[in-house]
Amino acid sequence: MSPRRTDTGGRIDRLKTIRFTFDGATYSGHAGDTLASALLAKGVTLFGRSFKYHRPRGLLTAGIEEPNALVTVLRGEVREPNIPATMVEIHDGLVAISQNRFPSLTWDINAVNQLGGKILSAGFYYKTFMGPVFGPLKGTRFWMFCEHFIRRAAGLGSAGSAKDPARYERMNAFCDVLVVGSGPAGLMAAKTAADLGVRVMLADLEPRFGGSANWSDETIDGASTADWARRIVAQLEGRDNVRLLPRTTVWGYYDNNTLAALERVNDHKEQPGKGEPRHRYWAIRAKSVVLATGAFERPLVFPGNDRPGVMLAHAAERYANEFGVLPGERIALFTNNDSAYRAAVALKKAGAAIVAIADIRPELSPEMRKLATEAEAEIFAGYAVVATEGGKALSGLKLQRFDMTNGTLAGDARSIHADCLLMSGGWSPTIHLASQAGAKAEWNEALQAFLPPKPTQKWVGAGAFSGHFMTLEAILDGRNAGFSAIGATVTPMAYPIIESLPCDPRPAPVFEIRAKGRSFVDFQHDVTAEDVRLAHREGFVSVEHLKRYTTLGMATDQGKSSNVPGLAIMAEALGKPIPEVGTTRFRPPFAPVSIGSLAAERFGDLKPERLTPMHDWHLANGATMYSAGLWYRPMIYGHAGETVEQAYVREAKATRESAGIVDVSTLGKIAVQGLDAALFLDRVYTNMFSTLAVGKARYGLMLREDGLAFDDGTTWRLGEQDFLMTTTTANAGKVMQHLEYFLDMIWPELKVHVTSVTDEWAGAAIGGPKARQILATCVTGTAVDNATLPFMGIVRGEISGVPVMICRLSFSGEMAFEVYSGAGYGTHVWEALIEAGRPFGLVTYGLEALGTMRIEKGHVTGAEIDGRTTARDLHLDWMLSKKKPFIGSAMMDREGLIAADRLELVGLISLDNRPLNGGAHIVEELDEANPHGSIGHITACCYSPALGKHIALALVKGGKARQGTRAHVSDPLRNRFGPVEIVSNHFFDPDGSRMHG
């Protein structure tokens, strides 16, 4: 057998051998093993190196809270770093490597950092790199010099750059009761709710349901807890109203009882099934939630507590009972509560020698003394571990008398020979999801732990999550939670008979043993007890500041085991009780989430490519296409040898001299219909639409609820209750969601129906001095003269036998018309318009020319409506109705939105006749060596064929008052500096005489 594999016991399949590699060496394990248990069975004690000091580290836990044993899993060229070895299920062909070491895990040259002492204490990078003067490296320049090397040293595992070939999937689910956690409490809650006939989902992050029942030595009604759990799970599997989700981590709790979960579908398989995703992201909307997430055992803080071979007591118990693996041959225990005695008995039964139990408490109960005797362990009551010995593995430890009333040590130290030290510092309920749901945790003095807050959403807790650690308590808790979750009355039941050891989980209020040497609080980020006290001395007394200054709890394990000891040490330094100091707010995700699962089907081959009806015509006629959002649109129709700039200048110039035509099928088009359609539009837009006559269009502006500009476009009144809204291409989906939200949630009483009809209409905009003449030659069924079709008028007619709808409106500053036809006839109408325009010199133009003409005219788009600007900033305040309220009207006059120094839209003219760049800053005084003093930035720029100059639109502080003055463009990234004149954003046809004809 393996060096530390027990002859019998465990839940593994000893008949099935699995081979895998770790750091290039081949190992074997059994079905049911994790990478951690399989390596531990082979005698491996060194799993990783710590972040800062590169200290050797071994296993601390057996679950998701593991801070030390982080590995990178390789799948071909794809690498996934920072996975706890405790959560990696082995399979044939698994390849894993250790992290944060060079050249090897055994011999790491960076371990020299341990000699740095106080130089590398908390916050050392702030003090060391932000101020020293080394020759020319003054102030922040020294930091910028060092930053490259610091960033190379940061992190643990390194991410890969190879493309991930795996599939990911996203699912939405609805249930009456979601149960998170499948220990005895969770199983009983799920069974109770399922028996009452409601839809139940049960999620657990482990591959096997049952939680602690899988490694407990207890019995329930004469059967082992594992058999009891299997029986409950089998009953649930047979129910149509139950969905079981093993290997599923519920990582986020959001508003309206919406929870996020990650299911690891095939990480444990050598070959995934056909079409099977690697991970599945679940968005679960539950009427009620049962949180039965258990608790994490805490370490004790003492010198040498991070040495390989020092482990949590419950983890060792789990390795022995679930995986049939002993963490050591000669085992000592150090505890402040009774839980360690249960572990001692379990390990003794599994074949280990228990050499000593050091208990901080001077007085022990007769039951604990009896258990120590059963484990054949020598008891050291009133003793503490003050040091550990060994290098890459534990060889011994030292004990000394400890007075828990004042924290002092006395007498001579005693040496104990042991290759494993188990510690138990009490238990912290896993309240992360409850905290995310929105309330402060509550301190429990007896348990020396934070218990869940009072619910602010519809959830109920059960078991160790609620501070009830006994199995009978958990079962009763879970049953009551099942009834409570659906509002049913609890019915009487016969209590199960449970045989268990009489271990009291309530700890003595001792978290740290102060002695010579480094005592670690946060194992993953190398935060010591002295680092916490240093933060206090330097004024970081808030727990949130402590967290950020020391990085306590900021590693991938998010301080699951270290938070409470760290807070206790800070509380002692402050001279305050722990509840007064408080705890940091738990935020999602509870555990790391793969980015692939968040993207899911929205990535790669399922991304739609939207093509206009005239797409093939554009390609056949020399268009250069590029993507605008999801759409593909012509950029230019280039001639041989032309640059992009030459092509768009030619197209824009020809349009202004004669006529041009552009494909506008991509504009968002939404049908707004119903008895209250006009009223609805009055509320949506800042200006009035109920007064709009049938057969007319009007330009409209929408605000967000916070008063900032959202979108602009035109809306056409086709009938008394029938409107066609157009939006910008990029915002079509957002505007549709905006409208649906207000109809569904805010004004459900309005009789309005909105329908996206973007793909139903093909659109062509024809503009220029000869645009009306061209239409007159090809449109039948209606006249297009000024009397029949005035500005913002709408007519219906036919072009080449196809019904069309024509609206006279302009985006370019020229007299222009938008011609809409059914999408299936789009190319036919397009070609007819081009044929009619040949005698008049009609040109096709793309987005570059379109953008040039809109900049010349001063029209705004998404570059200016960027989520930070108001109607006043864009000089659109003339559209803000004073006769009615509208979305955003209540917030648009806030002090910050009407300040005199806000960024306002202006035009810029380059005075050195050189091109301008989007994003470049505008400054009053030019300083190329030290660019500073930005007063705004360029949003859009081009060469203007109408003006013969390089121009731009920009947002500038107090822009309107600056018109007619000069400033400078400052663009250090592209080394572009030079003078500009600030002018009106209306460069071309400011009075609209060309547009109105």
Side-chain angles (χ1 to χ4, degrees), residues 130 138-145 147-148 644-645 648 706 708-710 728 730 847-848 851-876 895-944 947-988:
M130 297 302 281
K138 299 178 181 179
T140 58
R141 292 188 180 183
F142 182 63
W143 164 259
M144 294 171 71
F145 170 77
E147 184 179 17
H148 170 74
V644 172
E645 183 179 88
Y648 82 69
D706 58 7
L708 295 174
F710 176 45
T728 55
L847 287 183
E848 291 297 313
T852 296
M853 289 187 284
R854 82 94 178 170
I855 294 171
E856 291 175 337
K857 184 59 180 172
H859 276 307
V860 295
T861 64
E864 293 78 38
I865 305 178
D866 63 358
R868 297 174 292 180
T869 52
T870 69
R872 295 182 180 91
D873 299 338
L874 304 175
H875 311 307
L876 298 175
E895 183 178 355
L897 299 187
I898 58 174
D901 63 345
R902 282 189 61 81
L903 299 180
E904 293 178 345
L905 182 65
V906 297
L908 299 179
I909 296 177
S910 171
L911 296 179
D912 57 7
N913 202 31
R914 293 165 57 201
L916 301 169
N917 298 315
H921 285 272
I922 310 302
V923 297
E924 293 178 303
E925 297 182 5
L926 193 59
D927 185 351
E928 296 185 22
N930 182 27
H932 67 281
S934 174
I935 59 171
H937 61 276
I938 293 175
T939 60
C941 52
C942 69
Y943 174 78
S944 167
L947 278 66
K949 300 175 182 179
H950 291 282
I951 64 172
L953 295 177
L955 291 167
V956 173
K957 288 183 181 179
K960 193 170 184 178
R962 294 178 185 268
Q963 291 181 14
T965 66
R966 295 192 174 191
H968 298 84
V969 61
S970 178
D971 190 1
L973 290 178
R974 287 165 285 201
N975 197 31
R976 168 68 169 101
F977 303 92
V980 293
E981 183 180 1
I982 300 176
V983 298
S984 166
N985 58 300
H986 299 299
F987 296 97
F988 181 80

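The residues of the chain are indexed from 1 along the displayed sequence.
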Residues E924, K957: salt bridge by 4.0 Å N-O rule: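 No, no charged N to carboxylate O under 4.0 Å.
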
Salt-bridge contact E981-K949 (side-chain N to carboxylate O under 4.0 Å):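 Result for this pair is no, no salt bridge flagged.
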
Judged by modelled atom types alone, do S910 and H950 share a side-chain donor-acceptor pair under 3.5 Å?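 Side-chain D/A pair, S910 to H950: absent.
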
Nearest heavy-atom pair of [X] and [Y]: which atoms, and what distance?
| X | Y | value |
| --- | --- | --- |
| S934 | H921 | OG-ND1, 2.7 Å |
| S944 | E856 | OG-OE2, 2.6 Å |
| I898 | R902 | N-CD, 4.0 Å |
| A709 | I865 | O-CG2, 3.6 Å |
| G919 | R974 | C-NH2, 4.2 Å |
| L916 | V969 | CD2-CG1, 4.2 Å |

Side-chain heavy atoms of [X] within contact of [Y], under 4.5 Å:
| X | Y | answer |
| --- | --- | --- |
| P979 | R966 | no |
| D873 | E864 | no |
| C941 | I855 | no |
| T861 | T939 | no |
| H932 | V923 | no |
| T869 | V860 | no |

To the nearest 0.5 Å, what is the distance between [atom1] on [X] and [atom2] on [Y]?
| X | Y | atom1 | atom2 | answer |
| --- | --- | --- | --- | --- |
| L897 | T870 | CG | OG1 | 6.5 Å |
| L908 | I951 | CG | CD1 | 9.5 Å |
| H968 | D927 | NE2 | CG | 11.5 Å |
| I982 | T965 | CD1 | OG1 | 4.0 Å |

Is a donor on one side and an acceptor on the other found under 3.5 Å between the side chain of [X] and the backbone of [Y]?
| X | Y | result |
| --- | --- | --- |
| E904 | K960 | yes |
| T852 | C942 | no |
| R976 | P915 | yes |
| R914 | F977 | yes |
| H859 | K857 | no |
| Y943 | Y648 | no |

Could you please spell out the steps behind the side chain to side chain contact (heavy atoms under 4.5 Å, CB included) verdict for I935 and R962? CA-CA 11 Å; I935 59 171; R962 294 178 185 268; 3.8 Å; yes

Among I938, V906, L903, which residue satisfies the side chain to side chain contact (heavy atoms under 4.5 Å, CB included) criterion with I922?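 The single option meeting the side chain to side chain contact (heavy atoms under 4.5 Å, CB included) with I922 is I938.
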
